[in-house]
Chemist: 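Take this structure first; my questions come after.
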Amino acid sequence: MHSSAVFLIEFGAVILGLGLLGRLAGRFQFSPIPLYLLAGLAFGEGGLLPLGASEEFVAIGAEIGVVLLLLMLGLEYTASDLVSNLKTQYPAGLVDATLNALPGAVMALLLGWGPVEAVVLAGVTWISSSGVIAKVLRDLGRLGNRETPVILSILVLEDLAMAIYLPIVTALLAGVGLAAGSVTLAIALGVAGLVLFVAVRFGRHISRFVSSDDPEKLLLVVLGLTLLVAGIAQQLQVSAAVGAFLVGIALTGSVAEGTHNLLSPLRDLFAAVFFVFFGLHTDPASIPPVLLPALALAVVTACTKVATGYWAARRAGISVKGRWRAGGTLVARGEFSIVIAGLAVTAGIEPSLGPLATAYVLILVIIGPLTARYTEPLARRLIRPKPAAAPAADTAPTEPKARESQRG
C-alpha cells in the first residue's frame, strides 16, 4: 500500500479514536487526558497497534499542541496581571522548588546514583505539566476561578526557571567547562528577559499589528507569530511554552477574544495529539521493573505539590476550597519532565533513569486530572470543621454563616 495511504489510514484512525474517547469521557464528566495517554500506549512501541507512517507527523502535532495550549492560557491574562502575580508569588516559586525538587534528588541518591543523576531527577519531580494543567483547567471550567492566577503564577515561574535549569543540566551531562556553561546560561536568560520585556512593554502595539477584521488573516498572523516566537525561544534554549504563553499575554482586547474563538478547535485537536505522542514513546515492558520506586516518588511529590498549591493560595487570601483545588491541580507532571529525562537518556548516564522517569510521569499524568477534580471534595469530607459551641439558653441563636462560594 502506498505510504501516503497508510499515513491517512493511521492518522485518521487515531483522530477518530480520540474523538470517541473524548465523547466517552464527556458522558461520564471526566477529563479525557488519561484516556488519550492510554491510547498512545496502545499505538506505541510494544503496544497493540504500533504506528509507522504517521509517527513523525504526530510528533510535530504534539509540539504544536503544547504551544497552542500555553498560547490559549496566556490569552486569559494581561501583561500587568503577569507582572503583579510574579511579584507577589515568587516566594511560592521558591517553596515549590524546595518541596518538589528535593524528593527527586533524595530518591536518586537512595538508589545509589551520582550527583548528576540527582540533579536530573530533581528536575523531573519539580516541574508540573503546563500542558496537562492548562487542559484540566479548561475541562473543569476553572479558568475564571480565583485560585487560577495562583496556579498560573507557579507554572510560569517553573517555566521561566527552566530557562536557567536546562542549560545547567545540559552542561552537566555534556561535561563542559564553566565558561561554556556560563555563556549558554547568559544567552538563555537574556532571551527569556527580552521576550518578557517585549510582551509587557509593547503588548498594545503587537495587538494592533495582528488585529484584522478578517478571521482568516487574524488566524494566520497569530498562529504564525506564535510558532515563530516559540521556535526561536526553543532554539535559544528557552522553553517554547514560555514563548507561546508570553505571546498570549501580549494580545489584548478584541484581538485576544477573536484569537481565542478561532484557535479553540485547533488547540483541542493538537492537544489530544500531544497526549497520544507522550504515550507512543513509552514501552509498556520497561515500566514494571521501576514501578515501585516510581510509585513511591509519585505519592510523595503529589503530596508536596498539593502542599505547595495550598500554601500559595492561602498566602494569596484564597478560601479553603480554592486552596485545595490549587494544590490538586498542580500534581500532574508531563512534557518538561520527559524533556529532562530525555536529555539524560541521550547522554547515556544511568540506564534506569529513563524508565523510572517515564513510569513516574505516567502515574502522575493519569492521577493529576483526578486530584484536580477530587482533592477539594475529598479534603472537605475528611477534614470536617469543628462543631460550634451550643448557645446559652438565654442567648438568641445567631444567623448561620454564609456558605463559601464555589469559586473560592
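Heavy atoms only: backbone and side chains are in, while hydrogens, waters and symmetry mates are out. Small disclaimer: the values here were computed from a predicted structure and weren't measured.
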Chemist: Is the shortest heavy-atom distance from the side chain of Val306 to the side chain of Thr371 under 4.5 Å?
Modeler: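 A side-chain contact under 4.5 Å is absent here.
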Chemist: Distance check, rounded to the nearest 0.5 Å: Leu137 atom CG versus Leu152 atom CG?
Modeler: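 Output value for this atom pair is 8.5 Å.
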Chemist: Tell me every residue that passes ring-ring contact (aromatic ring centres under 6.0 Å, His included) with Trp126, counting only those two or more places apart in sequence or in another chain.
Modeler: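 Counting only residues at least two positions away or on another chain, Trp126 forms no ring-ring contact (aromatic ring centres under 6.0 Å, His included).
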Chemist: Do Arg208 and Ser211 have side chains that approach each other closer than 4.5 Å (heavy atoms only, starting at C-beta)?
Modeler: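 No, every pair of side-chain atoms sits at 4.5 Å or beyond.
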Chemist: Can you name the ring-ring contact (aromatic ring centres under 6.0 Å, His included) partners of Tyr360, sequence neighbours left out?
Modeler: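 Per chain and number, Tyr360 pairs via ring-ring contact (aromatic ring centres under 6.0 Å, His included) with no residue.
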Chemist: Just checking, is any N or O donor in the side chain of Asn100 or Thr301 under 3.5 Å from an acceptor N or O on the other one?
Modeler: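 Not at all, the side chains of Asn100 and Thr301 share no donor-acceptor pair under 3.5 Å.
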Chemist: What closest approach, in Å, do Val120 and Ile340 show between heavy atoms, and which atom pair accounts for it?
Modeler: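 Shortest heavy-atom contact: O-CG2, 3.5 Å.
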Chemist: Is Leu219 close to Leu266 at the side-chain level, that is, under 4.5 Å between some pair of heavy atoms?
Modeler: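 A side-chain contact exists here, since the closest heavy-atom pair is under 4.5 Å.
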Chemist: Quick one: CG on Leu297 to CG on Leu111, what's the gap to the nearest 0.5 Å?
Modeler: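 It comes to 9.0 Å.
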Chemist: Identify the two heavy atoms, one from Gly322 and one from Ile318, that lie closest to each other, and give their separation to 0.1 Å.
Modeler: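 Reported closest heavy-atom pair: CA-CG2, 3.7 Å.
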Chemist: Quick one: are Thr226 and Val222 in side-chain contact, heavy atoms under 4.5 Å?
Modeler: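 They are in side-chain contact.
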Chemist: Locate the shortest heavy-atom distance separating Val273 from Gly61; write the atom from each residue and the value.
Modeler: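 Between these two residues, the closest heavy atoms are CG1-C, 3.9 Å.
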Chemist: Hey, what do you get for CG (Leu68) to CZ (Phe270), rounding to the nearest 0.5 Å?
Modeler: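 Spacing of CG (Leu68) from CZ (Phe270) equals 7.0 Å.
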Chemist: Any donor and acceptor pair, going by atom type alone, linking the side chain of Thr375 with main-chain N or O of Ala372 inside 3.5 Å?
Modeler: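 Not at all, since once roles are kept as given, no pair shorter than 3.5 Å links the two residues.
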Chemist: Quick check: do Leu269 and Ile15 have side-chain heavy atoms less than 4.5 Å from each other?
Modeler: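 The answer is yes, as the side chains (C-beta and beyond) meet within the 4.5 Å cut-off.
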Chemist: How close do Ile151 and Ala326 get, counting heavy atoms only, and between which atoms?
Modeler: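 Nearest heavy atoms, Ile151 then Ala326: CD1-CA, 3.7 Å.
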Chemist: Can you tell me if Glu147 uses its side chain to pair, donor with acceptor, with the backbone of Ala313 under 3.5 Å?
Modeler: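 Judged by distance alone, no pair lies under 3.5 Å.
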Chemist: Quick check: does any side chain N or O of Thr259 sit under 3.5 Å from a backbone N or O of Val255, one acting as donor and the other as acceptor?
Modeler: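 Side chain of Thr259 to backbone of Val255: a pair is present.
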Chemist: Let's go through Leu225 and Phe209 carefully: what are the C-alpha distance in whole Å and the side-chain angles of both, what is the deciding distance for side chain to side chain contact (heavy atoms under 4.5 Å, CB included) to 0.1 Å, and is it a yes or a no?
Modeler: CA-CA 11 Å; Leu225 177 64; Phe209 169 74; 5.5 Å; no
Chemist: Under the side chain to side chain contact (heavy atoms under 4.5 Å, CB included) rule, what do Lys305 and Asp96 come out as? Steps first, then yes or no, please.
Modeler: CA-CA 7 Å; Lys305 275 293 181 182; Asp96 177 38; 2.8 Å; yes
Chemist: What's the shortest heavy-atom distance between Ser337 and Val361, and which atoms?
Modeler: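 Taking every non-hydrogen atom into account, CB-CG2, 3.6 Å.
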Chemist: Given Leu69 and Val132, is the side chain to side chain contact (heavy atoms under 4.5 Å, CB included) satisfied, shown in steps?
Modeler: CA-CA 9 Å; Leu69 280 169; Val132 173; over 6 Å; no
Chemist: Measuring from atom CG of Leu140 to atom NZ of Lys135, what distance do you get when rounded to the nearest 0.5 angstrom?
Modeler: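 If we round to the nearest 0.5 Å, Leu140:CG and Lys135:NZ are 10.0 Å apart.
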Chemist: Would a 4.5 Å heavy-atom cut-off, applied to side chains only, mark Met72 and Leu263 as touching?
Modeler: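 Yes. Closest side-chain heavy atoms under 4.5 Å.
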Chemist: Step through the shown structure and confirm whether more than 12 heavy atoms of other residues, nucleotides or ligands are within 6.0 Å of CG on Asp214.
Modeler: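 Counting other residues, nucleotides and ligands, CG of Asp214 exceeds 12 neighbours.
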Chemist: With a 4.5 Å cut-off on side-chain heavy atoms, are Arg333 and Ile127 touching?
Modeler: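 No, side chains not in contact.
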Chemist: Is there a donor-acceptor pair closer than 3.5 Å between any side-chain N or O of Glu117 and the backbone N or O of Gly114?
Modeler: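 Yes, Glu117 side chain to Gly114 backbone: donor-acceptor pair under 3.5 Å.
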Chemist: Which distance, rounded to the nearest 0.5 Å, do you find between the CD of Glu350 and the CG of Leu121?
Modeler: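 With rounding to 0.5 Å, CD (Glu350) is 10.5 Å from CG (Leu121).
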Chemist: When you check the gap from the basic side-chain N to the acidic O, do Arg142 and Glu376 get nearer than 4.0 Å?
Modeler: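 No, this pair does not count.
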Chemist: Using a 3.5 Å distance criterion without hydrogens, assess whether the side chain of Ser128 forms a donor-acceptor pair with backbone atoms of Leu330.
Modeler: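 Present.
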Chemist: Heavy-atom count check: over 12 atoms from other residues, nucleotides or ligands less than 6.0 Å from Arg315 CZ?
Modeler: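 Above 12, so yes.
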Chemist: How long is the straight-line distance from OG1 of Thr304 back to CH2 of Trp311, given to the nearest 0.5 Å?
Modeler: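 Taking CH2 in Trp311 and OG1 in Thr304, the distance rounds to 14.5 Å.
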Chemist: Measure across Ile154 and Ala92 and return the closest heavy-atom pair with its distance rounded to 0.1 Å.
Modeler: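 Minimum heavy-atom contact is CG1-CB, 4.3 Å.
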Chemist: Run the salt bridge (charged side-chain N to carboxylate O under 4.0 Å, His left out) test against Arg138 and tell me which residues pass, sequence neighbours left out.
Modeler: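 Partners of Arg138 by the salt bridge (charged side-chain N to carboxylate O under 4.0 Å, His left out) criterion, ordered by chain and then number, come out as Asp268.
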